[in-house]
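Structure first, commentary second.
One-based numbering, in listed order, for ligands and for the atoms of each.
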Amino acid sequence: MSRIEELAANLAAVRERIAKACHAAGRAPDEITLVAVTKTFPASDVRLLAELGITDVAENRDQEAAAKAYDCRDLDLTWHFVGQLQTNKARSVVSYADVIHSVDRERLVNALSRAATDAGRSPRCLIQVSLDEAGTAEGGRGGVRPDGVLALAEALSAAEGLRLGGLMAVAPLGADPAPAFARLAEISDSLRAVYPEAKTVSAGMSGDLEHAIVSGATHVRIGTALLGGRRAIVR
Ligand SMILES: *Cc1c(COP(=O)(O)O)cnc(C)c1O
């Protein structure tokens, strides 16, 4: 099987899973944006996915993302940044990312705001929420605790150059994702009560997209199920 045939088959299977989950939840499949997480895969795969109709692509490391976005600059893609983000990378990320899913502290809001204003860009920013019981410290995957979401939303909505888009979360490792995504839906409700425009709920990956869709996810971030297994990355 050629790579494009393989990707096409994977994409059809993922779309089928999304359609089934939407049907079960009484939602329309077009409420869900499928974001292809292409980290560790080459720009040639991004190109093939675009050919197959993918419009949204995500990366989690700035260096890799910047190079791929540059390679694919002729394609009309929406680039998402989903990795933990250091303030010294803000300038670079803002130069190509349309949506930043991993905003989890005020210092980062300030750095992104300065970078966006200087570059004349206006990325949509999602607040990454930590759904680990213990809060952000143990999980190591980033994210603000639920009780810090509104304060960060206030900072984001006031920040020049940035648009508050909503929330992002990763289900806690090794735990049932259903209660975590239900909690995320509650947090999204209280956020939208104050900021009605903050509609995005980015949740669900290859292993748990059905749970995320039942709980109201608007964006699912799918890597493995679309592109295949990744080799372990040594940092
Ligand atoms: C890698 C990654 C994904 C995709 O995970 P899969 O299990 O491969 O679908 C989604 N979200 C984030 C933040 C990621 O880093």
Side-chain angles (χ1 to χ4, degrees), residues 6-7 9-18 20-21 32-43 45-46 48-49 52 54-66 68-69 77-86 89 93 96-105 108 123-132 136 139-144 165-178 180-181 184 187-188 200-213 215-235:
E6 190 181 345
L7 292 175
N10 291 347
L11 179 58
V14 168
R15 290 219 189 276
E16 177 69 21
R17 283 176 64 189
I18 293 173
K20 276 198 175 134
I32 313 293
T33 301
L34 169 56
V35 181
V37 182
T38 50
K39 64 189 183 201
T40 79
F41 290 95
D45 279 352
V46 176
L48 295 177
L49 287 170
L52 294 169
I54 286 286
T55 55
D56 290 74
V57 176
E59 289 284 332
N60 73 334
R61 299 167 82 207
D62 171 58
Q63 225 182 351
E64 183 182 351
K68 242 177 264 183
L77 290 167
T78 298
W79 287 86
H80 299 250
F81 190 84
V82 301
Q84 285 186 43
L85 183 48
Q86 285 158 349
K89 298 288 169 66
V93 168
Y96 57 82
D98 305 293
V99 189
I100 300 169
H101 291 229
S102 43
V103 178
D104 63 358
R105 58 201 189 279
L108 182 56
R124 266 169 16 95
C125 292
L126 309 184
I127 295 172
Q128 183 177 350
V129 186
S130 170
L131 298 173
D132 285 316
T136 134
R141 307 180 108 180
V144 64
L167 301 178
M168 181 273 238
V170 178
L173 266 176
D176 180 1
F181 289 147
L184 183 65
I187 301 166
S188 173
T200 297
V201 179
S202 167
M205 318 199 312
S206 293
D208 56 20
L209 73 88
E210 286 84 359
H211 290 290
I213 287 174
S215 289
T218 62
H219 289 60
V220 293
R221 309 178 307 269
I222 309 299
T224 311
L226 268 183
L227 290 127
R230 292 181 292 272
R231 277 174 296 166
I233 301 176
V234 181
R235 296 200 180 204

Without swapping roles, check the side chain of [X] against the backbone of [Y] for a donor-acceptor pair under 3.5 Å.
X	Y	result
Gln84	Ser102	no
Thr78	Asp56	no
Thr218	Val201	yes

**OP:** Could I get the full list of ring pair (Phe, Tyr, Trp, His ring centres under 6.0 Å) partners for His80, not counting sequence neighbours?
**Re:** His101
Subject >> Heavy-atom nearest neighbour in the protein, as seen from atom 10 (C) of ligand 1, with distance rounded to 0.1 Å >> reply: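 Protein heavy atom at minimum distance: Met205 SD, 3.2 Å.
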Original post:
For atom 8 (O) of ligand 1, what is the nearest protein heavy atom, given as residue, atom name and distance?
Top reply: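 The closest heavy atom on the protein side is Thr224 OG1, 2.6 Å.
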Original post:
Heavy atoms only: which of Ser202, Ser102, Ala58, Ser206 is nearest to atom 9 (O) of ligand 1?
Top reply: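 It is Ser206 that holds the nearest heavy atom.
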Subject >> Heavy-atom nearest option to atom 2 (C) of ligand 1, drawn from Arg221, Met168, Lys39 >> reply: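 Shortest heavy-atom distance from atom 2 (C) of ligand 1: Lys39.
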Original post:
Do Val82 and ligand 1 have an N or O pair less than 3.5 Å apart?
Top reply: no
Original post:
Under a 4.0 Å heavy-atom limit, does His101 contact ligand 1 with its side chain, its backbone, both, or neither?
Top reply: neither
Original post:
Should you measure from each heavy atom of Ile222, which atoms of ligand 1 turn up under 4.0 Å away?
Top reply: 9 (O)
**OP:** Output all residues satisfying side-chain contact (heavy atoms from CB on, under 4.5 Å) with Arg124, sequence neighbours left out; order by chain, then residue number.
**Re:**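 With sequence neighbours excluded, Arg124 shows a side-chain contact (heavy atoms from CB on, under 4.5 Å) to Val99, Arg163, Thr200, His219, given in chain and number order.
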Subject >> Straight-line distance of Gln128 CD to Arg105 CZ, nearest 0.5 Å >> reply: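 Rounded to the nearest 0.5 Å, the CD-CZ separation comes out at 10.0 Å.
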